[in-house]
> 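Following this message is one structure expressed as structure tokens.
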Amino acid sequence: MSNPSRALRQTLRDWQSAGLTHLPHAEPTAALVAETPARGDTRDDEAAAVPLPDKSLPDNQPSGIVDVPQSEPNRIESTVPRAKRVQQLEALAAVVSRCVRCQELAETRTQTVFGVGNPEARVMFIGEAPGADEDAQGEPFVGKAGQLLNKIITACGWKREDLYICNILRCRPPGNRNPSPVEAANCREYLDAQIRTVDPEYIVCWGSVAAGNLLDETTPIGRLRQKWFRYGRAKVLCTYHPSYLLRNPSAKKPVWDDMKFLLSEMGLEPPVP
Ligand code: URA
């Protein structure tokens with residue numbers, strides 16, 4: 001029979017190496033939500049509440065969500081080795097795979113959908129939550145919306161593996177309903193740990209759920225486009241969700257404009273088709 005105290009010690013070690021500093025609650029409670037910093041707070045407050053997977057991550061940029069002036073000086077790149085990031089992400093994924101913070105999601109999911117891609121990506125894509133295909137395959141953006149996202153990625157001159165792709169939630173909400181605020185708050189610690197580990201220069205929020213949750217914005221997505229926000233060390237761009245493009249093909253043009261806006265800020269050009 002397995003030794004419960006040894007298993008508990010191993011679990012605590014896993015959490016520690018994944019950078020988690022808070023014990024998850026079996027069920028979402030008001031206390032847990034209250035622990036999550038108010039979204040309008042400065043990210044300095046959040047830095048205190050959210051684990052730093054590696055304290056050596058340079059943090060030379062001001063925190064907080066502000067429009068980013070174009071004249072901002074170049075940031076100092078992280079020196080955290082790739083292998084260390086891989087190890088932190090794997091440890092965190094193992095913790096996430098056992099997460100029961102959201103009882104309904106834990107009971108109905110096939111598996112958690114942690115995130116995929118380059119642990120040193122310059123660009124992180126954040127979507128809403130896994131759908132049926134993602135829940136079945138354990139990878140974000142593999143269904144119809146994902147296929148469209150892949151086309152956008154190719155048009156930008158990238159491969160999926162160049163980027164890091166994840167969601168606000170790591171579990172599929174039943175019936176693909178929107179994530180509840182409590183679910184988003186429960187999953188926030190994981191998202192923040194992924195952001196701190198990958199330490200992307202740029203984050204793209206795909207759709208109003210991603211933008212609204214990451215930036216604590218209630219402004220309609222159409223009015224968040226073509227502007228820079230900051231989240232920690234990353235510049236954040238918001239655009240329409242690929243699922244919205246499937247329903248409204250005329251929104252493809254503004255999304256392409258947003259991708260060109262991103263590429264230009266990165267000093268890149270889309271490849272000639
Ligand atoms: N939509 C999302 O927002 N994320 C996925 O992973 C898939 C579809």
Side-chain angles (χ1 to χ4, degrees), residues 89 92-93 96-97 99 102 104-106 108-119 121 123-156 158-188 190-195 198 200 202-217 220-222 224-225 231 234 236-249 251-252 254-255 258-259 262:
L89 291 169
L92 185 62
V96 167
S97 72
C99 181
C102 307
E104 185 193 18
L105 303 191
T108 54
R109 72 186 177 216
T110 305
Q111 58 192 311
T112 53
V113 179
F114 180 67
V116 285
N118 180 358
V123 184
M124 178 182 277
F125 281 1
I126 303 181
E128 180 177 323
D133 294 307
E134 291 76 20
D135 175 72
Q137 296 182 42
E139 183 168 331
F141 283 106
V142 290
K144 286 216 170 72
Q147 284 159 22
L148 180 51
L149 189 68
N150 288 346
K151 287 188 184 161
I152 297 170
I153 291 171
T154 304
C156 290
W158 292 317
K159 298 197 266 313
R160 246 173 104 93
E161 314 81 81
D162 295 328
L163 312 168
Y164 191 86
I165 306 175
C166 61
N167 282 304
I168 293 293
L169 292 194
R170 271 126 212 81
C171 297
R172 181 192 182 204
N176 293 348
R177 63 164 170 74
N178 278 356
S180 75
V182 169
E183 289 162 353
N186 287 344
C187 224
R188 186 54 169 261
Y190 304 139
L191 174 62
D192 279 330
Q194 284 169 291
I195 293 172
V198 176
Y202 299 92
I203 291 175
V204 179
C205 287
W206 291 93
S208 55
V209 169
N213 275 286
L214 190 78
L215 302 177
D216 188 32
E217 271 293 342
I221 186 73
L224 297 174
R225 298 181 43 246
Y231 189 74
V236 181
L237 181 69
C238 304
T239 192
Y240 298 116
H241 194 283
S243 300
Y244 178 78
L245 304 190
L246 292 172
R247 297 190 302 273
N248 301 278
K252 287 182 183 173
V255 167
D258 294 340
M259 292 302 104
L262 168 67

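What you see below is based on every heavy atom in this structure, not just the backbone, and it leaves out hydrogens, waters and symmetry mates. Counting starts at 1 for both ligands and their atoms, following the listed order. Positions are given from 1 along the sequence.
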> So which residues, sorted by chain and number, lie with a heavy atom under 4.0 Å of ligand 1?
Gly127, Glu128, Ala129, Glu134, Pro140, Phe141, Asn167, His241
> Please list, chain by chain and in numerical order, all residues satisfying ring-ring contact (aromatic ring centres under 6.0 Å, His included) with Phe125, sequence neighbours excluded.
Trp206
> What pairs of donor and acceptor atoms, side-chain ones from residues 147-154 against any protein atom, are under 3.5 angstrom apart with sequence neighbours left out?
unit_1 : atom_1 : unit_2 : atom_2 : d
Asn150 : OD1    : Arg160 : NH1    : 3.0
Thr154 : OG1    : Asn150 : O      : 2.9

> What's the shortest heavy-atom distance between Arg177 and Leu105, and which atoms?
NH2-CD2, 3.8 Å
> Using atom types as modelled and distance alone, determine if a side-chain donor or acceptor of Arg170 lies under 3.5 Å from a backbone N or O of Gln111.
no
> Under the salt bridge (Lys or Arg N to Asp or Glu O under 4.0 Å) rule, collect the residues that match up with Glu134, sequence neighbours excluded.
none
> On a heavy-atom basis, which atom in Leu92 and which in Gln194 lie closest, and how many Å separate them?
CD2-CG, 3.9 Å
